Amino acid sequence: MGANESGYIGQSLRRKEDRRFLTGAGQYTDDVTLPHQTHAYFLRSPHAHARIRSIDTSKAAKAPGVVAIYTGADLEGVGGLPCGWLITSVDGTPMKEPPHPVLAKGKVRHVGDQVALVVAETRIQAKDAAELIEVDYDVLPAVTHPVDALAPGAPQIHDEAPGNHCYTWALGDKAAVDAAFAKAAHVTKLDLVNNRLIPNAIEPRAAVASHSASDDSYTLYVTSQNPHVERLLMAAFVLGLPEHKLRVIAPDVGGGFGSKIYLYAEETALVWASKRVGRPIKWVAERSESFLTDAHGRDHVTHAELALDKDGKFLAMRVNTTAAMGAYLSTFASCIPTILYATLLAGQYTTPAIHCEVKAAFTNTAPVDAYRGAGRPEATYVVERIVRQAGVEMGIAQDEIRRRNFIRSFPYQTPVALTYDTGNYDATLDGANELADVKGFAARKAEAAKRGKLRGLGYSSYIEACGLAPSNIAGALGARAGLFEAGQVRVNPTGSVTVFTGSHSHGQGHETTFAQIVATRLGIPVDNVDVVHGDTGRIAFGMGTYGSRSLAVGGTAIVKALDKIVGKGKKIAAHLLEAAESDIEFADGKFTVAGTDRSKTFGEIALTAYVPHNYPLDKLEPGLDETAFYDPTNFTYPAGTHICEVEIDPDTGVVQVVKFSACDDFGNIVNPMIVEGQVHGGLTQGIGQALLEGCIYDRESGQLLTGSYMDYAMPRADDVPSYQVSTRVTPCTVNPLGTKGCGEAGAIGSPPALINAVLDALAPAGVTKLDMPATPHRVWQAIQSAKAAS
Amino acid sequence: MYAVEYQKAKSAADASGLIAKSGGRALAGGQSLIGAMKLRLAQPGTLVDLAGIPELAGIRVESGTLSIGAMTRHADVAGSADVKRTIPALAALAEGIGDRQVRNMGTIGGSLANNDPAADWPAAVLALGATVITHQRRIGASDFFKGMYETALAADEIITAVSFPVPRKAAYVKFPNPASRFALVGVFVAQLADGSARVAVTGAAPSVFRAASVEAALAKAFTPDAAKAAHVDAAGLSSDLHASAAYRAHLIPVIAARAVAAA
């Protein structure tokens, strides 16, 4: 496909990476096999909470094929896994950060907590040997629910965190909120649970670690969304290695959704052990281990109140949330229910005063951290559920109550710290109304009623903050890292281009999207551009991929590097064309002396840079290879409206999503097909949360009851409808691409749209309360409870 | 999976002998057993493979009965013209088991011998009053299913075929568990050749059972409304993450009514 006037931007190019994925030529971590490789298996705690009296590995050590066995006692001098974001409580004290040992020391705190590492010649031998390890546990009472964990008398999980309390954090002007509630014409109150989710990337976590005796360096292949951050945390904070002695490679990665952002114990233990064993070690999680140990998502319990005037204008919102942290603080756990949650509670609305208090609790469960959307789905769920309920209570139509409160003047400073740069919320609401054929809904509802079915329509007008983040603002809020991105553009002598990005692609299609930008800017065929990611040995630096940041931040870093390339190219062209540099224009792959037909192609300039025979060597270095770091000045604010239409069978409680319409504003779009794919995936994950998924621990024993696909319901193709999607564009003002990000929007906007639709459908049955997931059993029970109450 | 000895049997009697000798287990389609072994929940020392034994194969229509060999794969039942002609409900049931991969490997005999509380085949066998034929004897459906994962089979007894009397009409409707898509409640209804109504329920209790109240209602009128009006008591029904006993009790007449409508 050739370039048109705007180059490849806006074209749905087929993904460059798909050929290798579709033909089985992808290279995943488990595809890496190193000479003399050994295999690891982790013995894990069968108990949610127990003291370890003793561990006897003597029998296991004699088992066939065993190379080494390590327990927590062997890791003297090895640090705990760090948390990357410091949250300060309302009383000024720092959050509680109990140690997060690489292998359990003294205690286990959730089912699946790693107790011992067995290294053997084969994976089966390692697993067999692990069964011979004798651990004497003193089983303790467990607590898995965040509200239970903070209750007096709850089992104490960490000595360092009395009452299992991690922090109590707040945002907003409480006095202003209280004053607004005092004069409100109407107050809507709502209790909500945001259900705990298990990420379920199709590729389980995996690692291959090796040590080179020749230069005392380590190489780690790992399923990571951000290899440089992994290296920094592991080397500097846990193992005490010089950073330049650890190379982290995240090759093809089969999905992350947040769960592969974090530094995990397993790969850390492997790197540590690889030097002691003197051979490479591979570990690949079994699916059961993924359920037990991948960082989970959500798990909030919330009470929210919205104050309105007599016309349905929002005056103030008050939100109290209890959030589970799990047994240990995962890498970004602390900032998810705070910085990425409370700041989004303004939504698309002009609510002048908002106050949110968040209590974080340790629980005897897997850690909780960012999962597609990370705090923003939880915020959107609160806002869009309570807005619906307010509309119902005040008799204002669902689109109307939103329109009465939309922000229309930009930039807009919210009462919860963010400044929205641009947006057009009426446009996306109108777009969604069109897609959803809202006008025809009454007729469809009547037709469904004839068949004994209940139809409902639900809205969700979401906003998210993406493009993380201005490092100085993040730092002021407690971030312990920068949030810029790096990009390098290497023009090869023959004019082809290799791009090195600190973003990581694990399903997002960066190899295509980034190549489209580079090819367009340089006026060269897209096939002449390759994108390299996921290797600290090849890429200058990177903060990785999460928070829908790759195009807005990583893409902009590449654009900045391209600007440098073009700037240098102009200098070379000026020399060759014997013109002033200021007279050189670059367009369509040609450097031209303005107002003349004298020009040099991009390829000629590239060759000259590397064969500098006729070259201003006294003023200019040869070569054409530039790196840029980009730190954004603001977040980006994708937004849109989703409308869900459901049909419910009152006899069984089955909810069928019959139509789902999403009109989104992602700013400028580089590849519409990839964006649509991201939206479809996000919507399916959001519908999964609202309709099917729910991680359940036994409240007494702490055992994971949804530990396999027999009990944890993932969305399947026939659970979702054929989506209706469209976009409206207000270009982002923060970055030169004018782009906002699209990766999480579907998962953020869709859950409240679905539940609002279910509540709309069930309103005639008298149902007013329903938590996710809207399983048949739960819907049927809601109908029965309403019957009993009436 | 632990290491396991593999043996291939030549006949049902040979298989029985090999199992008796080794203390191992029969391997039919392996769709439950292999999965359990991979999770280390089952660890037979020996697997005796029944694949390829001629007497366990084949679908035959005889006077008033449909006989399905024990090693017949679900996909082959689903695609059989003889089954579709005589008892189409069985073809539809087979088509709804698991996924395509499971249907291409899993067998009717393996499913019955395993007697998973949420398996589909036991409902058909019990509702139609089928006979389970082993290499030693014939076992009536009402004597075959003994409890959760329990049957009347001896450890070394091999099912060779299942003989279904052809009913006037029959249908099976499965209400799936949203996660596993096994039956949360599966109801097989049949109006037998003698006009009597039989209703068997799977997924709702530790083992397949006949829903007496629904049968009584259908004896009066074999109509969806009659089935739906029946009352099923929740006592003895399973209660788990996905459904309370009360919900299952509610679903049985609802799903039975849909099966009657489809019959």
Side-chain angles (χ1 to χ4, degrees), chain A residues 41 64 122-125 127-128 130-131 198 200 286-289 291 452 649-656 687-688 690-699 703-719 773-785 787-788, chain B residues 1-4 31-32 35-41 43 96 98-100 102 116-119 173-187 203-204 224-225 227-229 234 237-259 261:
Chain A
Y41 182 81
T122 70
R123 195 188 301 190
I124 298 291
Q125 286 175 330
K127 192 169 178 177
D128 287 345
E131 292 187 0
I198 300 177
N200 284 298
E286 297 182 354
R287 184 57 69 179
S288 305
E289 293 180 283
F291 275 95
D649 177 354
D651 280 346
T652 59
V654 169
V655 176
Q656 191 191 352
I687 290 172
L691 197 62
L692 296 155
E693 298 183 49
C695 168
I696 299 171
Y697 284 93
D698 185 87
R699 232 156 150 161
Q703 292 294 325
L704 178 62
L705 301 180
T706 52
S708 79
Y709 295 123
M710 293 297 282
D711 290 305
Y712 189 90
M714 290 291 286
R716 293 164 165 91
D718 63 355
D719 289 314
T775 60
H777 184 208
R778 190 171 271 180
V779 169
W780 178 80
Q781 278 179 325
I783 295 170
Q784 302 313 304
S785 303
K787 267 188 202 163
Chain B
M1 190 184 287
Y2 296 103
V4 62
Q31 297 306 291
S32 299
M37 289 170 66
K38 285 168 80 171
L39 289 166
R40 297 192 160 188
L41 298 172
Q43 42 179 320
D99 55 28
R100 191 173 292 276
V102 167
D116 185 298
V173 173
K174 171 160 57 178
F175 185 83
N177 173 318
S180 69
R181 296 214 172 164
F182 272 82
L184 196 75
V185 166
V187 183
D225 287 346
K228 198 174 172 185
L237 299 187
S238 304
S239 193
D240 55 35
L241 276 186
H242 305 284
S244 64
Y247 180 49
R248 283 189 163 95
H250 163 81
L251 282 176
I252 290 167
V254 169
I255 302 305
R258 289 175 189 187

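Chain letters run A, B, ... following the sequence lines, proteins first and then strands; every chain starts at 1. The shown structure was predicted, so the numbers you read here are calculated from the model rather than taken from an experiment. These numbers come from the heavy atoms of this one structure, side chains and all, not from hydrogens, waters or symmetry mates.
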remark   = Assert top hit (heavy-atom pairs under 4.5 Å, partner chain A, pool Leu241(B), Leu184(B), Leu39(B), Leu251(B)) equals Leu241(B)
remark   = Looking only at heavy atoms, the pair that brings Thr706(A) and Asp711(A) closest together is CG2-O, 3.6 Å
[X] versus chain B, heavy atoms under 4.5 Å apart: side chain, backbone, both or neither?
{"X": "Met710(A)", "result": "both"}
{"X": "Pro776(A)", "result": "both"}
{"X": "Leu705(A)", "result": "both"}
{"X": "Ser708(A)", "result": "neither"}
{"X": "Glu131(A)", "result": "side chain"}
{"X": "Asp649(A)", "result": "side chain"}

inquiry  = Take a 6.0 Å sphere around CZ of Phe175(B) and say whether it holds more than 12 heavy atoms from other residues, nucleotides or ligands.
reply    =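 Buried by this count: over 12 neighbours within 6.0 Å.
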note = Applying a strict 4.5 Å limit to non-hydrogen atoms, the region of Arg40(B) in contact with chain A is side chain
task = Quick one: list whatever passes ring pair (Phe, Tyr, Trp, His ring centres under 6.0 Å) with Tyr2(B), sequence neighbours left out.
result =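 In terms of ring pair (Phe, Tyr, Trp, His ring centres under 6.0 Å), with neighbours along the sequence ignored, Tyr2(B) is linked to no residue.
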ask   = In terms of heavy-atom pairs under 4.5 Å with chain B, which of Thr775(A), Ile124(A), Asp718(A), Val654(A) leads?
value =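 Of the options given, most contacts go to Asp718(A).
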inquiry  = One pair to check against side-chain contact (heavy atoms from CB on, under 4.5 Å): Met714(A) and Tyr709(A). What are the steps and the verdict?
reply    = CA-CA 7 Å; Met714(A) 290 291 286; Tyr709(A) 295 123; 3.6 Å; yes
